[in-house]
Amino acid sequence: MLKIWFTINLLVNVVSGIIEKSDFYSYGIAANDNILASRDDASTRVPISFEYPFFGSTYQEVHISTNGILSFGAGYTSYSPSPFPLIEMHAVAAYWTDSDPSKGGRVFYRETTNRTVLGKISQEIKFRLINYNTFNAEWALVVTYDQVPPFSCGCNTSCSSNVIYQTVLTSDGVNSFAIFNFNHLGYPTASGNCVNFAQVGFNAGDGKRFFLMPNSNTAKISETALFQSNVGVPGKWIFSTDANDIIEQCNTKGQLEIFPRKILYFGGQELKLSGVCYEQNSSNVSVLFDDAPVLCKFGQWKYLLCRVPLLKKLGKIAVSLKYNSITYKSFIISVGRDDNTVVENINEFRNEINLDDNITIEWDPSNHDQQSIEFTGHQIDYYIDYQGAIVSEEVNVLQYGSFPNNGKVSLSLVKTHRHRRNVKLQLIRSVFASGYFTSTSAITALIIIIGKKIATLHCTNWYDSQPSSAEMRRIVEVATQTRPCLPAIPSTFPDKIDNFVIDESCNPKSFKNNLMCNLFHPGAKGCYRSTRNEGAPAVQCCYSDDNKLLLGKPAGGTLDFADSEVSPMKHFQKDVLPYLTCCKLGVDQCDKYYEKRPSINPGIVRPPRSVNANGDPHFVTLDGTSYSFNPVGEFVYLTTLDSSDIIQARFSQYVDQNGVAKKASIFSGFSIKSKNSDSIQIELNKNQIFVFKINGQTMRLDFGFWSFNGISLEYENNATVVVQTDSKIRLEIVALNRALHAILSLSDTFKNRISGLVGDWDDNSSNDLKLPNGTFIPTNSSNEIIHFKFGMAWSTSNETTLFTYPAGLSWFDYQNRNFVPDFSTPTDHLQCKGNKDCNYDIQVTGNVNFGTSNIAIQKRLTDLKQTFQNVSQTCPSNLIVTNGNVKVRVVENTTHYSLICLDGFKLSGKRTSHCVSGSYSPIGHCDHPSNSNERLGIVSGLLIGCLIYNYVEQMRLTIKNF
């Protein structure tokens, strides 16, 4: 088919595309368009009322050429296209060829902020480029070449031929796009000769970043523009033009775009996949989620729609799409119901229900702007035999369909009657459903159809199958050493703290939280669960209304022998179901449950060491040495001796708001990688928006918590991102006054193990400025010596860089070895209040706000240190210990803790007679069985320095308040 059209193109020069003129955005006299002067080889400067982002710069004027060029900064009248890349030419070539409106036709243009037009543009961007699903256009420039003839004819170009095409530039102020609609391309040559053919694409102006449509500058360009596409619609092309990188939406390079990126683990949601150049009637497409095949179908915009199955784990799920022998790879993040960036929780729990009952869900319809809601999900039935064992499990997909958004719906369950056919089998049913409002709502119904006798048997059988008391003590000790609960948490109850995240079973930030907490942890305000457990039991920590740790039943957290982060389903079977049958459904055997699923006590909590790097970069080492280093390039900020943890920083030259480059530099990017972890690259674009790359792939991430392999990212707001590694590196990156600033926090496990610009941490400040070869320079060296001898020695190389680069660029494009900063001594500025970093930055940049950003970052550092200190030095109260409890009473200025073992347990192990703040001393254990014996130990100083073990007999601790 394509060959036939190609032949017609050469012989009679008439090619008609699929994009009809009626499908163009409105144009012409009726649309109140302006008309370009009917002159040959002319370029008209058009001021615009918007800052249009184009490859890292913004422009408030566009030059429109009669020869099909839209350019920025300067106009171009050349009729003979020069192949991209071109130096200093910032342009979109819609169809660069020798057109001549003086001989006929017209070139229409208009700037628009009309909401109807912008709404149509926004819809097209959202649906055709799914990675920009939240895009809402604020501005557009519509340029239409309507029946414009060539300058001359010949070489198979008819003198009566013409071109009809449209280019739309649009932006929301951050993201920008160029839309090409081709209807008719009647002449393939320029200037009447047979060698200069048209060119389509765009050019960044640096000689490196550019895009040329396939077959540009050849006789096939008309055919390509009209009958191919990067968005699945022949004759239509859409490109993003704001980024430092060129993003080809439809490609053969293995780039795959996914929306949404976060998915509820119990599935049912619809996932959109794009980025693949499909042929007509494509059928040879396969999609895998973690190597499991998934059924998908084509949507109307030529992307794939995949219904997410029940996922087996939380966290990163690999997604691969194979088409025409090319494998396209990406990933999604599987999350639980506690992720409040995805889920508005509606939870239901029922202990008794008729099997044929429906689930009635109610919501406030005024909170959502959609007219209908779709429900879908999974139903899991567990069959319990007369001995209390799970004998089978059935999973059924629920496809409820759409319902009016009237605030209430009744959802039917899958009818299963197996338990009726066999009276020895009873049922526990879990129903997970998702409702698609403007945001996703998760509906969870746990339906119990089980008798008290069966529940009691299940609890007893489960208890008998669990580890012995001695083995449980060992497990508890290991967990207390490796993943101890914090004795207290900040009052804000953050989504993530240390290596814990909020637990969906008791989340104070979720809808109807009291229902969840009252079922599983009555009396608790909220709970956390440990992450990255690597096969060990997960630790759950629950906290009171005053944010203090709770231990033991009924409110305390427990060990989880199946990590819900890995498999929520196994967690239900091994941890949740035994809780229900021991504590809720059968004869009360809750003590048995807490014996085998005890709480984990607070361990030693030492605040991490935190240091700042800010402004025209000023550094503080871990041992307290302050210095400045202001290069242009990429450098090692931190590396461990074995290179298992690395942070690299990019420095760029400071450019003021008038475009003047100064003798100063700023942080413009960081790249972080830990042992066996994914890599995270964070940059700040010219629009002051964070840009994220995960393993080199650019990702548009929403606010919230993102968990990857061995590393996580908390995108708090437009100004703050926190990256944490499993090895306990915390890097807080703050965007302030057009630059990045950093606060690094490390646990003391990194002492004597690190080097780089952050210095050598060994509690000896004299050797902080350590070179890669192991030698060091004096810390009192001049700024010049520190710059050239120390700082420059930590430069990365093209082989060692962690950063990835836009197409056409490399490590070499980000280095400037010839850049020399200002080494002069600054004068005092009143706004700085004695802050020397502030004084220096105002002097070298001329920007007072940039100078005072140093004060803001140092204030943030002080606040962060105080937060860590508060968490580390807060006495736990209202403690309850497994196989015992703690009574607390305040007498004048002292707090008395009475620890009492339950009957059947005795104290064994070493008693503590003295404990000082920050030290570690085990208090002791209770062995089973034995009668209780009272012993007394006096602990002075702060409780935070002591580790309270489970199984403790009566012990009185007198601790002075602080």
Side-chain angles (χ1 to χ4, degrees), residues 611-623 625-641 643-654 663-674 679-684 693 723 725 729 731-734 739-744 746 750 753-761 768-777 779 781 783-805 809-823 837 840-841 844 857:
V611 293
N612 55 301
N614 46 271
D616 180 6
H618 310 288
F619 295 82
V620 178
T621 69
L622 272 298
D623 286 332
T625 298
S626 298
Y627 72 94
S628 296
F629 178 52
N630 322 116
V632 172
E634 294 171 356
F635 295 81
V636 177
Y637 179 47
L638 177 148
T639 181
T640 50
L641 297 180
S643 299
S644 59
D645 296 275
I646 301 176
I647 302 176
Q648 294 180 359
R650 176 181 293 166
F651 300 71
S652 299
Q653 188 169 5
Y654 179 91
K663 296 181 70 174
S665 61
I666 58 171
F667 287 124
S668 58
F670 288 91
S671 189
I672 308 102
K673 191 178 190 311
S674 189
S679 66
I680 293 181
Q681 181 173 322
I682 300 173
E683 303 172 50
L684 191 66
K693 291 186 178 181
V723 178
T725 68
I729 292 177
L731 184 66
E732 181 171 324
I733 301 172
V734 180
L740 296 179
H741 314 265
I743 298 176
L744 174 70
L746 298 178
F750 285 92
R753 293 181 53 227
I754 64 167
S755 56
L757 296 179
V758 76
D760 179 64
W761 185 16
D768 277 5
L769 304 183
K770 186 176 181 179
L771 305 177
N773 63 9
T775 64
F776 57 89
I777 65 172
T779 54
S781 299
N783 288 340
E784 291 178 81
I785 291 176
I786 291 175
H787 180 93
F788 291 107
K789 297 293 185 181
F790 170 69
M792 296 302 293
W794 285 106
S795 174
T796 62
S797 69
N798 192 41
E799 290 73 32
T800 62
T801 181
L802 293 180
F803 285 90
T804 56
Y805 305 97
L809 301 184
S810 69
W811 175 86
F812 297 97
D813 295 293
Y814 291 82
Q815 320 304 312
N816 184 356
R817 294 282 181 160
N818 297 322
F819 177 82
V820 178
D822 187 339
F823 293 121
D837 294 344
Y840 177 83
D841 287 3
V844 296
I857 297 301

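The structure presented is a predicted model; accordingly, all values stated were derived computationally and were not measured.
Between Tyr627 and Thr779, the closest side-chain pair of non-hydrogen atoms is not below 4.5 Å. Between Val611 and Thr621 the shortest side-chain heavy-atom distance does not fall below 4.5 Å.
When all heavy atoms of Ala664 and Val844 are compared, the closest pair comes out as CB-CG2, 3.8 Å. The heavy-atom pair separating Ser797 from Thr800 by the smallest distance is N-OG1, 2.9 Å. For the residue pair Asn614 and Phe667, the shortest heavy atom distance occurs at N-CE1, 4.2 Å. Here the closest non-hydrogen pair linking Ile786 and Ser781 is CD1-O, 3.6 Å. The shortest non-hydrogen separation linking Lys663 to Val820 is CE-O, 3.4 Å. The two atoms that bring Lys770 and Phe776 nearest to each other are CA-CB, 3.7 Å, heavy atoms only.
A distance of 9.5 Å separates CG of Leu638 from CZ of Arg753, quoted to the nearest 0.5 Å. Within the model, atoms NE2 of His618 and OH of Tyr840 stand 7.0 Å from one another, a figure rounded to the nearest 0.5 Å. Between Ser795 atom OG and Trp811 atom CH2 the span is 5.0 Å, to the nearest 0.5 Å. In this structure, CD1 on Ile647 lies 6.0 Å from CD1 on Ile672, to the nearest 0.5 angstrom. Here the CG atom belonging to Leu746 is positioned 6.0 Å from the CD1 atom belonging to Ile729, to the nearest 0.5 angstrom. In this structure, Arg650 CZ and Leu802 CG are separated by 11.5 Å, a value rounded to the nearest 0.5 Å.
Using modelled atom types and a 3.5 Å distance limit, the side chains of Thr775 and Asn773 yield a donor-acceptor pair. For Asp645 and Ser674, the side-chain atoms include at least one donor-acceptor pair closer than 3.5 Å.
A donor-acceptor pair under 3.5 Å is formed between the side chain of His741 and the backbone N or O of Gly615. No donor-acceptor distance shorter than 3.5 angstrom exists from the side chain of Thr801 to the backbone of Thr796, with no hydrogens or angles considered. Checked by atom type and distance alone, the side chain of Asp768 never pairs as donor or acceptor with a backbone atom of Gly759 at under 3.5 Å. Side-chain atoms of Glu683 never come within 3.5 Å of backbone atoms of Ser668 as a donor-acceptor pair (strictly under, hydrogens ignored). Judged purely by atom type and a 3.5 angstrom limit, Ser665 uses its side chain to pair as donor or acceptor with the backbone of Pro631.
Sorted by first and then second residue, the salt bridge (charged side-chain N to carboxylate O under 4.0 Å, His left out) pairs involving residues 814-823 (not counting sequence neighbours) form an empty list. For residues 789-801, no pair satisfies salt bridge (charged side-chain N to carboxylate O under 4.0 Å, His left out), with sequence neighbours left out.
Using bins of under 30°, 30° to 60° and over 60° for the plane-to-plane angle, the ring pair Trp794/Phe790 lands in the perpendicular bin. Ring pair Phe651/Phe629 is perpendicular by interplanar angle, where above 60° counts as perpendicular and below 30° as parallel. The aromatic rings of Phe619 and Tyr637 sit tilted relative to each other, their planes meeting at an angle between 30° and 60°.
The side chain to side chain donor-acceptor pair (under 3.5 Å) search around Gln648 returns none, not counting sequence neighbours.
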Q: Go through the steps to decide whether Asp623 and Trp761 satisfy the test side-chain contact (heavy atoms from CB on, under 4.5 Å), and finish with yes or no.
A: CA-CA 6 Å; Asp623 286 332; Trp761 185 16; 3.1 Å; yes
Q: Apply the test side-chain contact (heavy atoms from CB on, under 4.5 Å) to residues Phe635 and Leu757: give CA-CA distance (whole Å), side-chain angles for both, the deciding distance (0.1 Å), then the verdict.
A: CA-CA 8 Å; Phe635 295 81; Leu757 296 179; 3.9 Å; yes
Q: Report the C-alpha distance between Ile733 and Phe670 in whole Å, list the side-chain angles of each, state the deciding distance to 0.1 Å, and finish with yes or no for side-chain contact (heavy atoms from CB on, under 4.5 Å).
A: CA-CA 9 Å; Ile733 301 172; Phe670 288 91; 3.9 Å; yes
